Amino acid sequence: MIDVSLAPPSAVPASDALLVAVRSTTSGPVVVASGLDDRAVESLGGLARTLGMKGDRDEVRRGPGDAVGYGVVAFTGVGEGDPSVERLRQAAGAATRSLEGVESLDVSLPADVPELVGAVAEGLALGAYRFERYRSATPAVARARILTPLAGEASADAALERAGILATAVATARDLVNTSPADLHPESFAERAADLCREAGVAVAVRDEVELAAEGFGGLVAVGKGSARPPRLVRLEHAPAQARRHVALVGKGITFDSGGLSLKPAKGMEEMKSDMAGAAAVLATVLAAARLGLAVRVTGWLALAENMPSGSATRPSDVITIRGGTTVEVLNTDAEGRLVLADALVAASEEEPDVVCDIATLTGAQVVALGTRVAAVMGEEETRSDVVAAADAAGEQFWPMPLPADLKDSMKTPMADIANIGDRNGGMLVAGLFLQRFVEGRRWAHLDIAGPALNTGSAWGYTPVGGTGVGVRTLVNLLEEACE
Ligand code: BES
Ligand code: ZN
Ligand code: ZN
């Protein structure tokens, strides 16, 4: 993890490189740097032009830094117009992501209010992420000093600390998603969760397959029974004495989704190692809540199973019973996420939390609707709006989607209370309506992150290839809002 600190703008050069931002304008690139005099800015502008720098997003270039007393000066583009907080976060991340061979960085991006200090620090740390479990990667920037007039002020230190906790949490979620499903199965996921929770002071309880069956968790049992790796339900709890409200977070944790007997096609099946990204986000969020000392009670539920075809697998047409008694006819074993979530939503609701929020790589229809960078949020209106607001503040894109009641008819079956599939059109909404049945009357939101959870394209901004950790910063913001 990169070490980020603060220093006054007058600090003597003590790093390999100086990082400045560049805006794109109709009259060419314009350098935006806090704490540099006009002459230095002008000379850097000339250098940026010589280097062919346009100031586009995700454009990072470097040149000789003599004019400003550094070995190297690095430019990061923020695009057109006045850069937003999120644009600066992305520009900072693009820099640490792509500045190979630079070990230490002095960062002269606009950071004259605590919010900007936090955003720049967060971007730097998110961009410096590397996953090295199975091979070494190009070394990331190891140290960064943000040059800011707020250096030494408590508000800036607090923003820096929060940024570090958030970036660590996002890295935890990314690591879990990137881990091979040969190494991350329900049991090892639960063990890892327990280890991390012990360090952070979060209480953990794990139910194994025997307990799940005995306690009526028919969804987890049905999805997990085709696999040699049995399912788990993990309950996490951060319960500070001052807490007045209780938020329950529920995550889909399918450590590999082959589709089961309704087997997925070979093409793209490898992406289904990311089908536990919701559970990873919940774990990372609860850890962050504890490390931040948030004054809200949080319970986290990780619904962990591996969806595999075998002689013991659930068959299309099997009728199962979710915790609480609702019967479901499984017509497609690839619509498994909603089955494990139903169990976990019921268990979470039994504790009467003030708000329930689930997060899941739930449907291919989500990807069709919104692509790979925008997630969806459904649910009861007020909570849905709260999630959108929390996401906006985090710089994550969550778009509100409806739950049209008429689509419920498509899940009717003569065999059980409900079928696990319905109309193919609006498949994301059908899945949301299925979940709604298990949280009736509660304040609830459902986050479908199927597209943004795994980046199979190129890296951009602070987002690497592979697991993205999407949802963590949104959920932490949501919890912070619940602290009043
Ligand atoms: N895990 C998948 C959804 C998914 C698709 C996540 C693409 C990430 C990227 C989910 O379990 C699934 O297979 N859903 C089916 C449901 C269908 C059978 C009703 C789908 O979306 O095709
Ligand atoms: Zn599936
Ligand atoms: Zn799935």
Side-chain angles (χ1 to χ4, degrees), residues 173 176-177 186 189 217 219-220 223-224 231-234 236 248-257 259-260 264 271-286 300-307 322 328 332-349 355-370 372 374-379 383-384 387 391 396 398-401 403 420-421 427-439 444-454 467-472 474-475 478:
L176 287 164
V177 170
F189 194 146
F217 289 92
L220 277 156
V223 174
R232 294 285 183 271
L233 178 64
V234 180
L236 319 168
L249 304 176
V250 176
K252 171 179 174 181
I254 302 299
T255 57
F256 188 74
D257 181 13
K264 285 184 180 294
E271 293 175 19
M272 287 303 118
K273 75 168 187 179
S274 65
D275 213 19
M276 34 52 70
V282 168
L283 170 60
T285 300
V286 180
W301 299 82
L302 317 180
L304 308 176
E306 186 183 45
N307 189 21
I322 301 297
V328 179
N332 188 319
T333 63
D334 197 13
E336 83 299 337
R338 60 198 76 182
L339 303 176
V340 301
L341 285 173
D343 269 346
L345 286 168
V346 170
S349 300
V355 184
V356 182
C357 206
D358 74 74
I359 177 162
T361 47
L362 203 60
T363 64
Q366 191 280 322
V367 197
V368 174
L370 295 172
T372 55
V374 181
V377 52
M378 287 147 270
T383 312
R384 192 185 67 183
V387 171
E396 295 193 312
F398 276 82
W399 201 255
M401 287 286 172
L403 290 174
N420 78 327
I421 55 171
M428 165 172 58
L429 318 179
V430 171
L433 286 160
F434 180 94
L435 298 179
Q436 187 182 51
R437 206 187 154 104
F438 300 90
V439 284
W444 161 74
H446 159 55
L447 284 59
D448 194 336
I449 55 168
L454 184 77
T468 63
V470 69
V472 174
T474 292
L475 290 175
L478 191 73

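Please read all numbers here as calculations on a predicted model, not as lab measurements.
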(message) Quick one: does any side-chain atom of T468 pair with a main-chain N or O of P452 as donor and acceptor, under 3.5 Å?
(response) yes
(request) For F398, enumerate each residue passing the ring-ring contact (aromatic ring centres under 6.0 Å, His included) test, keeping only those at least two apart in sequence or located in another chain. (result) none
(message) Has N420 got a side-chain atom pairing as donor or acceptor with N332's backbone, closer than 3.5 angstrom?
(response) yes
(message) Which heavy atom of V470 sits nearest to which heavy atom of A453, and what is that distance?
(response) CG1-CA, 3.7 Å
(request) Mind checking the CG-CG spacing from L339 to L435? Nearest 0.5 Å is all I need. (result) 9.5 Å
(message) Any heavy-atom pair between the side chains of V439 and H446 that's under 4.5 Å?
(response) no
(request) Please examine the side chains of V282 and W301, heavy atoms only from C-beta on, and report whether any two atoms are closer than 4.5 Å. (result) no
(message) What I'd like to find out is whether the side chain of T474 reaches to under 4.5 Å of the side chain of V387, using heavy atoms alone.
(response) yes
(message) Could you check whether T363 and D448, counting side-chain N and O atoms only, form a donor-acceptor pair closer than 3.5 Å?
(response) yes
(request) Answer yes or no: is there a donor N or O on one side and an acceptor on the other, between the side chain of Q366 and the main chain of G451, under 3.5 Å? (result) yes
(request) From the options L236, V472, L249, select the one residue that forms a side chain to side chain contact (heavy atoms under 4.5 Å, CB included) with L283. (result) L236
(request) Run through N307, V223, T333 and flag the one making a side chain to side chain contact (heavy atoms under 4.5 Å, CB included) with D257. (result) N307
(request) Supply the atom-to-atom distance E306 CD to T255 OG1, rounded to the nearest 0.5 angstrom. (result) 4.5 Å
(request) Using modelled atom types only, decide if a donor and an acceptor are shared between the side chain of E396 and the backbone of G471 within a distance under 3.5 Å. (result) yes
(message) Determine whether M428 and M378 satisfy the following criterion, side chain to side chain contact (heavy atoms under 4.5 Å, CB included), listing intermediate values before the conclusion.
(response) CA-CA 9 Å; M428 165 172 58; M378 287 147 270; 3.6 Å; yes
(message) Set out, in order, the CA-CA distance, both residues' side-chain angles and the distance that settles side chain to side chain contact (heavy atoms under 4.5 Å, CB included) for L341 and L362, then state yes or no.
(response) CA-CA 10 Å; L341 285 173; L362 203 60; 3.9 Å; yes
(message) Looking at every non-hydrogen atom in both residues, tell me the closest pair between A279 and L304 and how far apart they are.
(response) CB-CD2, 4.0 Å
(message) Ignoring hydrogens, what is the shortest heavy-atom contact between G300 and V286? Give both atom names and the distance.
(response) CA-CG2, 4.1 Å
(request) Measure the CZ-CG distance between R437 and L345 for me, rounded to the nearest 0.5 Å. (result) 13.5 Å
(request) Looking only at non-hydrogen atoms, find the nearest pair between L370 and A376 and report the distance. (result) CD1-CB, 3.7 Å
(request) Under the ring-ring contact (aromatic ring centres under 6.0 Å, His included) rule, collect the residues that match up with F189, sequence neighbours excluded. (result) none
(request) Identify the heavy atoms of A173 and A284 that sit nearest to each other, and give their distance. (result) CB-CB, 4.1 Å
(request) Determine which pairs satisfy salt bridge (charged side-chain N to carboxylate O under 4.0 Å, His left out) with at least one residue from residues 333-348, sequence neighbours left out, and list them in order. (result) K252-E336, K264-D334
(request) Would you name the heavy atoms of A445 and T383 that are closest together and state the gap between them? (result) CB-CG2, 3.7 Å
(message) Within the 4.5 Å heavy-atom criterion, are W444 and V356 side-chain neighbours or not?
(response) yes
